Amino acid sequence: AYSYYEKAITGDAAAQTRLGNEFYHSKDFENAVYWYRKAAEQGFAQAQYSLGKCYQEGFGTQKNEAEAEKWLSKARNQGFQL
């Protein structure tokens with residue numbers, strides 16, 4: 001995860017998403033949401049999908065269907081397979 005972190009802090013959206021995945025799989029959902037959001041705001045579809053799912057399930061954030069749909073829609077509009 002350290003190599004992801006080095007790239008993530010420099011703004012690499014793919015690395016931010018991978019780091020988010022590492023936190024997600026270790027059940028540290030708040031940090032997962034933090035990194036997914038960083039990448040999602042840069043337009044990275046996989047992160048948008050993952051952030052949307054966190055909002056949908058209430059992992060690391062309050063459940064919020066409107067926010068979930070916003071992020072899932074952004075991913076879908078880029079052709080990300082939901």
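Only a predicted model underlies this, so the values are computations on that prediction, with no experimental measurement involved. Below, all heavy atoms of this structure are taken into account, side chains as well, without hydrogens, waters or symmetry copies.
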Engineer: What heavy-atom pair brings A68 and G52 nearest, and what distance separates the two atoms?
Structural biologist: CB-O, 3.4 Å
Engineer: Decide whether Y36 and F23 are clustered together by the hydrophobic rule: side chain heavy atoms of Ile, Leu, Val, Met, Phe, Trp, Tyr closer than 4.5 Å, transitively.
Structural biologist: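 No, because Y36 and F23 fall into different hydrophobic clusters, even though each may have its own neighbours under 4.5 Å.
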Engineer: Kindly compute the distance separating CH2 (W35) from OG (S50), expressed to the nearest 0.5 Å.
Structural biologist: 15.0 Å
Engineer: Consider only side-chain heavy atoms of I, L, V, M, F, W and Y, link residues closer than 4.5 Å, and tell whether F59 and W71 are in one cluster.
Structural biologist: yes
Engineer: Which atom pair, heavy atoms only, marks the closest approach of Q56 to L72?
Structural biologist: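 Of all heavy-atom pairs spanning Q56 and L72, the closest is NE2-CD1, 3.8 Å.
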Engineer: Say you draw a straight line from CZ of R37 to OH of Y55; how long is it, rounded to the nearest 0.5 Å?
Structural biologist: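 It comes to 3.5 Å.
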Engineer: Shortest non-hydrogen contact from A32 to G20?
Structural biologist: CB-O, 3.4 Å
Engineer: Pick one: which of R76, K74, K53 meets salt bridge (charged side-chain N to carboxylate O under 4.0 Å, His left out) with E69?
Structural biologist: R76
Engineer: If Ile, Leu, Val, Met, Phe, Trp and Tyr residues are connected whenever their side-chain heavy atoms lie under 4.5 Å apart, and connections chain through other members, are Y24 and Y34 in the same group?
Structural biologist: no
Engineer: If you compare all heavy atoms of A47 against all heavy atoms of A39, which two are closest, and at what distance to 0.1 Å?
Structural biologist: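 Minimum heavy-atom contact is CB-CB, 3.4 Å.
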Engineer: What pairs with K70 under salt bridge (Lys or Arg N to Asp or Glu O under 4.0 Å), at least two apart in sequence or on another chain?
Structural biologist: E67
Engineer: Scan for side-chain hydrogen bond (donor to acceptor under 3.5 Å, both in side chains) pairs involving residues 39-49, sequence neighbours excluded, and state none if there are none.
Structural biologist: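 Every side-chain hydrogen bond (donor to acceptor under 3.5 Å, both in side chains) pair that includes a residue of residues 39-49, provided the two are not neighbours, is Q16-Q42, Q48-Q78.
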Engineer: What pair of heavy atoms forms the shortest contact from A45 to F80, and how long is it?
Structural biologist: CB-CB, 4.0 Å
Engineer: Measure the spacing between OG1 of T10 and OH of Y5 and express it to the nearest 0.5 Å.
Structural biologist: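 One finds 11.0 Å between OG1 of T10 and OH of Y5.
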